[in-house]
Amino acid sequence: MSVRIVDVREVTKPISSPIRNAYIDFTKMTSSLVAVVTDVVRDGKRVVGYGFNSNGRYGQGGLIRERFAPRLKEADPKLLLDADGGNLDPDKVWSTLMSNEKPGGHGERSVAVGTIDMAVWDAVAKIAGKPLFRLLAERHGLTANPRVFVYAAGGYYYPGKDLGALRKEMRGYLDRGYNVVKMKIGGAPLAEDRERIEAVLKEIGSAAQLAVDANGRFDLETAIAYAKMLREYPLFWYEEAGDPLDYALQAALAEFYPGAMATGENLFSHQDARNLIRYGGMRPDRDWLQFDCALSYGLCEYQRTLEVLKTHGWSPSRCIPHGGHQMSLNIAAGLGLGGNESYPDLFQPYGGFPDGVRVEGGHIVMPDLPGIGFEGKSDLYKEMKALAD
Ligand SMILES: O=C([O-])CC(=O)C(=O)O
Ligand SMILES: [Mg+2]
């Protein structure tokens with residue numbers, strides 16, 4: 001049997017909302033949805049792999065249409081296959097996508113490639129007839145663990161949102177089974193953020209822990225001022241205090257913040273991840289790494305990032321990716337990450353879990369669906385199918 005990619009389709013979808021973090025609002029946020037159509041038939045249906053980019057970066061239709069989809073469609077199909085020709089080889093597909101691309105400057109390109117890479121891995125696992133997390137565990141000689149830690153990200157600034165609304169939002173996450181919640185900081189003066197934090201801590205009590213996210217807003221002085229305030233509270237983590245590429249700031253901050261810190265969602269390559277580990281003063285015994293494959297050249301690259309981490313003494317269990325998508329859930333369950341983000345009320349239908357999956361004690365259990373499992377989430381699959389049909 002041979003496998004051929006017969007089409008790569010893409011469409012830009014709105015994932016807009018009136019929320020705001022310390023840096024951007026989401027009123028014009030979009031995502032690229034991609035379908036990689038193969039000539040393989042399974043259970044009487046053509047195998048189509050799907051992918052999309054996570055929030056924070058916009059849809060990449062231009063790059064996908066002009067550069068990346070044509071490279072796949074023009075490639076000799078035999079050069080994209082694994083050793084016995086029975087499936088696509090994601091790394092060969094990746095190399096084809098990245099042909100004639102210079103190193104460095106990882107930006108929007110990494111989002112376009114990450115989106116297509118997600119669709120390719122979905123197709124590969126479907127052709128293999130397995131959930132992606134099981135396929136990944138097998139390939140790495142690991143035992144899959146379908147039970148994955150997830151936390152609820154929200155706590156955005158929102159027009160007219162007062163402390164009561166913030167508390168209500170957080171209570172809602174607890175009611176849905178989460179035991180770690182996250183809120184934004186840095187979009188208001190420090191004293192006001194302190195009030196917001198105290199209000200949330202009062203609401204969640206000992207039932208949950210709180211993480212805070214500054215979205216890279218602070219200069220060193222402000223990051224330190226916040227560190228001194230935040231260290232008075234038992235937080236789950238202090239996220240992205242300064243510019244994502246300012247490793248010296250991150251390193252200096254460790255002097256002022258003994259608790260856990262998190263960053264990495266805006267680093268888009270294994271080289272950038274390596275620089276963070278080399279120069280960012282991150283501590284493997286307590287800090288968290290949030291690289292998101294959907295924004296950073298996909299799972300092929302993420303596996304290289306995990307290798308870099310291993311070389312530097314970091315366990316994959318210190319990774320809790322940004323983005324709240326099922327792709328990272330599969331990586332977490334297959335390769336032993338520490339968990340995954342989720343946005344219970346945002347960026348739907350792209351985030352979240354297959355229908356019927358519930359959060360209990362801050363964890364979900366992955367159902368055994370072929371591929372990434374998108375077919376198990378009816379609102380999402382409806383949009384995907386419309387692209388493939
Ligand atoms: O607000 C955002 O851009 C999303 C974000 O940082 C996160 O989920 O950690
Ligand atoms: Mg963040």
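Hydrogens, waters and symmetry mates are skipped; everything else that's a heavy atom, side chains included, is used. First listed ligand is number 1; within each ligand, the first listed atom is number 1.
Between Glu101 and Arg71 there is a salt bridge, with a side-chain nitrogen of the basic residue lying less than 4.0 Å from a carboxylate oxygen of the acidic one. Asp43 and Lys126 are not joined by a salt bridge, as no carboxylate oxygen comes within less than 4.0 angstrom of a charged side-chain nitrogen.
A cation-pi contact, defined as under 6.0 Å to the ring centre and within 45° of the axis, is absent between Arg139 and Trp121. Geometric assessment of Arg217 against the ring of Tyr23 yields a positive cation-pi assignment under the 6.0 Å and 45° thresholds.
Judged as a salt bridge (charged side-chain N to carboxylate O under 4.0 Å, His left out), and not counting sequence neighbours, the contacts of Asp389 are Lys385.
Neighbouring protein atoms of the Mg ion (ligand 2) (N, O or S, distance under 2.8 Å, waters ignored): Asp213 OD2, Glu239 OE2, Glu265 OE1.
The environment of Lys310 atom NZ is sparse: at most 12 non-hydrogen atoms of other residues, nucleotides or ligands sit within 6.0 angstrom.
Checking Gln250 against Tyr279 by side-chain atom types alone, no donor-acceptor pair falls below 3.5 Å.
For the pair Leu132/Asp122, no side-chain contact is recorded, criterion being any heavy-atom separation below 4.5 Å from C-beta on.
Applying the ring-ring contact (aromatic ring centres under 6.0 Å, His included) rule to pairs touching residues 161-191 yields nothing, sequence neighbours excluded.
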Run through all N or O atoms in ligand 1 and write down each protein N or O closer than 3.5 Å, as a pair with its distance.
unit_1	atom_1	unit_2	atom_2	d
ligand 1	1 (O)	Asn21	ND2	2.9
ligand 1	1 (O)	Tyr156	OH	2.7
ligand 1	1 (O)	Lys184	NZ	3.0
ligand 1	3 (O)	Asn21	ND2	3.1
ligand 1	3 (O)	Asn215	ND2	3.4
ligand 1	6 (O)	Lys184	NZ	3.1
ligand 1	6 (O)	Asp213	OD2	2.9
ligand 1	6 (O)	Asn215	ND2	2.8
ligand 1	6 (O)	Glu265	OE1	3.0
ligand 1	6 (O)	Glu265	OE2	3.0
ligand 1	8 (O)	Glu341	OE1	3.1
ligand 1	8 (O)	Glu341	OE2	2.5
ligand 1	8 (O)	Tyr343	OH	2.6
ligand 1	9 (O)	Lys182	NZ	2.7
ligand 1	9 (O)	Asp213	OD2	3.0
ligand 1	9 (O)	Glu239	OE2	2.9
ligand 1	9 (O)	Glu265	OE1	2.9

